[in-house]
Each structure stands twice: as structure tokens, then as C-alpha cells.
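Remarks on the structure that follows.
Counting starts at 1 for both ligands and their atoms, following the listed order.
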Amino acid sequence: MRNGDVAVNNRFLRACRREPVDRVPVWFMRQAGRYDPEYRQIRETHTLLEICREPELCARVTRMPVDKLGVDAAILFSDIMVPVGAMGMSFSLQENVGPVMDRPLRTDEDVARLHAFHPEEALPYVLETIRHLADTLPVPLIGFAGGPFTLASYMIEGGPSRDYLRTKTMMLARPDLWHALMAKLSEAMSIYLRAQIEAGASAVQIFDSWVGSLSVQAFRAHVKPYVQRMLADLAPLGAPLIYFGVHTGELLREFAEAGATVVGVDWRTPLDRARQRVGSSVALQGNLDPVCLFAPPEALQREVEAVLRLGAESPGYIFNLGHGVKPTTDLAQLQRVVEWVHAFEPHSPAVHPTKEELA
Ligand SMILES: Cc1c2[nH]c(c1CCC(=O)O)Cc1[nH]c(c(CCC(=O)O)c1C)Cc1[nH]c(c(CCC(=O)O)c1C)Cc1[nH]c(c(C)c1CCC(=O)O)C2
């Protein structure tokens with residue numbers, strides 16, 4: 001694969017497709033962010049949404065971790081809330097808090113007012129950024145959108161939440177309204193992701209970060225059909241489809257069944273257990289605890305290697321954190337992790353302690 005004169009490193013895409021790889025591919029959720037002094041400097045003069053709206057700057061920020069860390073994929077710099085604005089709900093991104101809606105979504109009228117959007121018309125800058133990156137990056141570009149539960153939770157709660165009380169109450173008390181909302185969100189995000197792939201994203205990730213707050217039964221009844229529909233709509237495009245949320249150990253099998261081709265795993269579930277749950281037809285991505293990046297290098301290296309041994313046991317594995325890079329992380333620690341992941345021999349049989357050694 002080439003971009004003009006640049007050869008594109010495709011080990012990330014090969015691993016997504018469970019094909020043999022020379023090295024385990026690695027990228028980090030939130031790999032462009034406040035841990036990087038250059039990013040903090042840009043943020044002194046631009047808000048996050050301003051960066052998103054300026055294709056040249058947005059492409060530069062997207063590319064920074066590729067050049068600084070040596071990761072095997074870039075992820076579009078944007079936010080899951082960007083298309084929420086295009087659907088007619090205004091919000092702000094508050095530092096150290098997250099998205100806060102100007103007016104939360106609570107009533108039938110609020111759901112009726114939410115509208116579909118044409119990505120080329122409503123968010124032309126996103127697609128322009130993707131086109132520019134797809135022509136110039138030395139690694140594949142991952143596009144993304146928020147998952148329907150996570151977007152609904154911000155809309156309904158009005159901001160971050162601990163217990164998703166209003167969201168789950170709507171699900172139970174007003175199933176008709178809930179289903180209307182899920183249908184609108186999943187359809188809009190599926191159109192948005194399709195546009196990203198058509199503009200040049202090689203893979204997409206659905207960040208349903210907070211869906212792990214649901215029981216397996218609630219996920220099956222109230223969310224899974226919509227995720228399944230999104231994934232089925234996108235499957236014919238041939239791009240790998242990553243589905244991720246935190247606290248989702250019990251849901252991993254459901255994610256694979258819903259049609260994800262790559263399942264993201266947080267740090268709570270060991271990757272061998274995740275593999276048992278999802279079967280052999282999908283790839284896995286994860287799952288170093290982001291807090292391990294605050295450990296001394298020797299301790300960090302042990303943790304990275306422990307993750308690699310479990311993850312690389314079967315084909316189709318992408319190294320990542322179990323959630324996003326924390327803002328106070330040391331950039332040098334991320335560089336070390338990339339080096340160690342790339343030094344690991346993916347095909348060497350994992351070294352298991354013998355029964356005698358364990359005894
Ligand atoms: C839940 C969620 C959001 N946004 C996103 C999610 C899903 C991933 C996850 O679970 O973390 C997705 C997201 N947000 C951002 C990206 C960029 C791409 C990347 O490097 O991963 C991605 C993939 C930029 C951003 N989006 C945000 C930042 C924080 C830094 C800044 O304000 O510049 C970044 C880099 C703001 C944001 N936006 C959101 C939150 C919770 C926050 C953090 C608030 C804070 O810590 O100040 C909503």
C-alpha cells in the first residue's frame with residue numbers, strides 16, 4: 001500500500017483482519033491530547049472544536065503521535081460530540097469535565113427535533129481533514145463515532161454521569177421514546193462513518209465508552225439491535241469495524257455477535273479470557289491499564305509484556321490501552337511502550353509457567 005511516494009505501514013489493518021503480521025501493531029486511544037506539550041501549546045490559542053474545524057491544523061494534530069510515538073495507526077482528531085451539534089443539539093466541552101449539553105434531551109419533542117445530517121454539508125471539515133490525511137499519512141487512518149448508548153447518555157443526562165439514572169429510566173419507562181432515539185442516533189452515526197470511510201478512513205471505531213453500565217440483558221434488549229444494524233450497514237465497505245466500551249467484560253461476546261470485526265477490551269478483562277468470550281473470528285484490541293504508564297519503566301515493561309503474551313497468543317491482535325491516555329502521562333513512557341511492543345516476537349510461543357512452577 002502506498003500514499004504517493006510514502007509506503008503505508010499496514011500491520012494494523014492486517015491484524016484487524018487476523019492476517020499474519022511482522023510485529024504487533026500498536027496505537028493508543030486519545031493518542032493526540034494534553035500529555036503532549038505541543039498539543040497543550042496549540043490549545044492555548046484554539047479550543048478543541050476550533051482545531052476540529054480547521055482541516056490543516058486538525059490533520060497536523062492527528063499526525064503528531066504518528067511522528068512522535070511511532071504508532072501503527074492514526075485516529076482522526078475530533079470528538080464524539082461533533083456530530084451531535086450537526087443533529088441540532090448544542091453543547092460545550094468543559095475542561096476536566098467533558099461534554100455538557102445546553103439543554104438536555106428529555107421529552108418526545110426533544111427526540112422529534114433531533115435531525116439527520118448530510119456529512120458533506122454539515123461537517124465538510126471532517127471529511128476534508130480525512131481526505132488530506134489519507135493522501136499523506138504513512139499509516140492507516142481510523143475514523144470514529146460515538147456509540148448510540150454513550151451519545152444518548154450525554155444527551156439525556158446533560159453531561160457526564162455516574163449512574164445513568166435518567167438514561168436507564170427512559171429506557172425502562174419510555175421504551176418507545178428510547179427506541180426512537182436509538183434509531184435516530186444509530187442511523188446518523190452509520191451515515192457519518194460511511195462518509196468517513198468513503199473519504200479515506202481505513203477502519204472505524206465506535207466508542208460506546210459507557211455501554212458497560214448496562215446488564216447483558218439490557219444491552220441485548222435496548223442497544224444491541226441498533227449496534228448490529230450499524231455494523232451490518234458498514235460491513236459491505238470492507239473496512240475493519242472496532243467496537244469499544246469500558247467495563248464491558250460481560251458484553252464482549254455480544255459485541256462479536258453484533259458484527260464487530262475488532263473488539264476493544266478494557267484492562268479489567270485479561271485478553272485470554274476475552275478471546276474465549278469472542279471466539280476466533282474477530283480481532284482483539286487492548287488492554288494495558290492507562291495508569292501503568294505512571295509506573296517506573298521496569299514495572300511498565302513487565303505490564304506491557306504481560307498484556308502482549310496474552311494478546312498475541314492468537315492471530316488478530318492490536319496493542320492499545322484499556323482506555324484513553326491520561327493527560328498527565330509522560331510522552332517518553334508512550335514511546336517506550338511502542339518500542340517494547342515492536343520488539344516483541346508475535347509468533348514466538350508464549351512462555352507459560354509449568355504446573356510445577358505455579359505450585
Ligand atoms: C466519552 C468520549 C468523549 N470524546 C470521546 C469519547 C470516547 C472515548 C473515551 O471513552 O474516552 C472520543 C474522542 N475525543 C477526542 C478524540 C481524539 C482522537 C484521539 O486521539 O483518540 C476521541 C477519539 C479528543 C478529545 N476530546 C476531549 C479532549 C480533552 C482535551 C482537550 O480539551 O483538549 C480530547 C483530546 C474532551 C472530552 N470529550 C469527551 C470527554 C469525556 C472529554 C474529556 C474532558 C477533559 O478531560 O477535559 C467525550
Side-chain angles (χ1 to χ4, degrees), residues 26-53 57-69 71 73-85 89 91-101 126 129-130 133 137 139 141-155 157-162 164 167 189 192-193 196 201 203-213 242-248 264-267 285-287 290 318 320-329 331 334:
V26 47
W27 70 277
F28 303 112
M29 292 185 275
R30 285 285 166 85
Q31 65 187 12
R34 283 176 297 209
Y35 76 88
D36 180 356
E38 189 184 353
Y39 177 83
R40 291 199 299 271
Q41 203 184 344
I42 294 170
R43 284 281 280 110
E44 278 173 23
T45 51
H46 297 77
T47 65
L48 191 143
L49 296 174
E50 282 166 1
I51 300 173
C52 300
R53 287 190 207 109
L57 181 59
C58 189
R60 188 182 135 208
V61 172
T62 302
R63 181 164 178 144
M64 286 180 340
V66 176
D67 297 332
K68 287 180 199 179
L69 306 178
V71 287
I75 180 159
L76 171 71
F77 187 83
S78 187
D79 195 85
I80 59 166
M81 299 305 285
V82 165
V84 168
M89 282 188 80
F91 65 90
S92 54
L93 287 175
Q94 295 185 7
E95 187 128 4
N96 300 317
V97 178
V100 176
M101 309 308 301
V126 174
T129 305
I130 293 177
L133 285 164
L137 277 176
V139 293
L141 176 69
I142 304 169
F144 73 90
F149 178 85
T150 300
L151 292 175
S153 80
Y154 282 118
M155 290 173 160
E157 305 292 337
S161 170
R162 202 164 299 170
Y164 306 95
T167 310
M189 291 312 122
Y192 182 46
L193 288 172
Q196 293 183 39
V204 290
Q205 176 153 329
I206 299 174
F207 283 93
D208 220 347
S209 303
W210 316 135
V211 76
S213 66
I242 313 167
Y243 188 66
F244 167 79
V246 293
H247 271 116
T248 53
V265 185
D266 85 358
W267 64 90
Q285 175 176 282
N287 72 344
I318 300 129
N320 205 313
L321 305 180
H323 200 184
V325 177
K326 299 201 171 286
T328 51
T329 303
L331 192 149
L334 290 166

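- Residue Pro99 approaches ligand 1 through these ligand atoms, each under 4.0 Å from one of its heavy atoms: 39 (C), 40 (C), 48 (C).
- Note that CD1 of Ile75 is 5.5 Å distant from CZ of Phe144, once rounded to the nearest 0.5 Å.
- With Asp266 contributing its side chain and His247 its backbone, the two residues share a donor-acceptor pair below 3.5 Å.
- Under 4.0 Å from ligand 1, the heavy atoms of Arg43 that appear belong solely to its side chain.
- Distances shorter than 4.0 angstrom do not occur between any heavy atom of Phe28 and any atom of ligand 1.
- Note on ring orientation: taking the six-membered ring where Trp is involved, the planes of Phe77 and Tyr39 are tilted (angle from 30° to 60°).
- Those atoms of ligand 1 with a heavy atom of Glu95 less than 4.0 angstrom away are 47 (O).
- Checked by distance only, ligand 1 and Trp210 stay at 3.5 Å or farther apart across all their nitrogen or oxygen atoms.
- For ligand 1, the polar-atom distance check finds an N/O of Asp79 within less than 3.5 Å of one of the ligand's N/O atoms.
- Of the listed residues (Glu38, Glu95, Glu50), just one forms a salt bridge (charged side-chain N to carboxylate O under 4.0 Å, His left out) with Arg43, and that residue is Glu95.
- The contact set between ligand 1 and Ile75, taken as ligand atoms under 4.0 Å from a residue heavy atom, comprises 18 (C), 19 (C), 20 (O), 21 (O).
- Using a non-hydrogen distance threshold of 4.0 Å, Tyr154 registers as a contact of ligand 1.
- Protein heavy atom in closest approach to atom 24 (C) of ligand 1: Ser78 O, 3.1 Å.
- The shortest contact between atom 34 (C) of ligand 1 and any protein heavy atom is with Leu48 CD1, 3.4 Å.
- Under a 3.5 Å cut-off, the side chain of Asp36 and the backbone N or O of Pro65 do not form any donor-acceptor pair.
- In terms of N/O distances under 3.5 Å, ligand 1 is approached by Arg34.
- Side chain of Arg40 to backbone of Arg34: a donor-acceptor contact under 3.5 angstrom is found.
- Using a 4.0 Å cut-off to heavy atoms of Ser209, the atoms of ligand 1 that qualify are 7 (C), 8 (C), 9 (C), 10 (O).
- The backbone of Leu76, and not its side chain, has at least one atom closer than 4.0 Å to an atom of ligand 1 (non-hydrogen atoms only; backbone = N, CA, C, O).
- Of the possible donor and acceptor atoms, none in the side chain of Thr150 sits under 3.5 Å from a partner among the backbone N and O of Gly147.
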query = Can you check side-chain contact (heavy atoms from CB on, under 4.5 Å) on Leu69 and Leu331, steps first, answer last?
reply = CA-CA 8 Å; Leu69 306 178; Leu331 192 149; 4.1 Å; yes
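- Looking at Asn320, its side chain never comes within 3.5 Å of a backbone N or O of Gly286 through a donor-acceptor pair.
- The aromatic rings of His323 and Phe244 lie tilted to each other, with the angle between the two planes from 30° to 60°.
- Interface atoms of ligand 1 facing Gln31, defined by a heavy-atom separation under 4.0 Å, are 19 (C), 20 (O), 21 (O).
- Annotation for ligand 1: atoms under 4.0 Å from non-hydrogen atoms of Ala32 are 20 (O), 35 (C).
- Neither the backbone nor the side chain of Met81 has any atom closer than 4.0 Å to an atom of ligand 1 (non-hydrogen atoms only).
- Per-residue contacts place Phe207 under 4.0 angstrom from the following atoms of ligand 1 (heavy atoms of the residue considered): 7 (C), 8 (C), 23 (C).
- Annotation: atom 42 (C) of ligand 1 to nearest protein heavy atom, Arg30 NH2, 3.7 Å.
- Between Phe77, Tyr39, Phe144, it is Tyr39 that holds the heavy atom closest to atom 33 (O) of ligand 1.
- If you check each of Asp266, Asp208, Ile80 against atom 3 (C) of ligand 1, the one with the closest non-hydrogen atom is Ile80.
- Side chain of Gln31 to backbone of Ala73: a donor-acceptor contact under 3.5 angstrom is found.
- Set against the non-hydrogen atoms of Asn96, the atoms of ligand 1 under 4.0 Å away are 45 (C), 46 (O), 47 (O).
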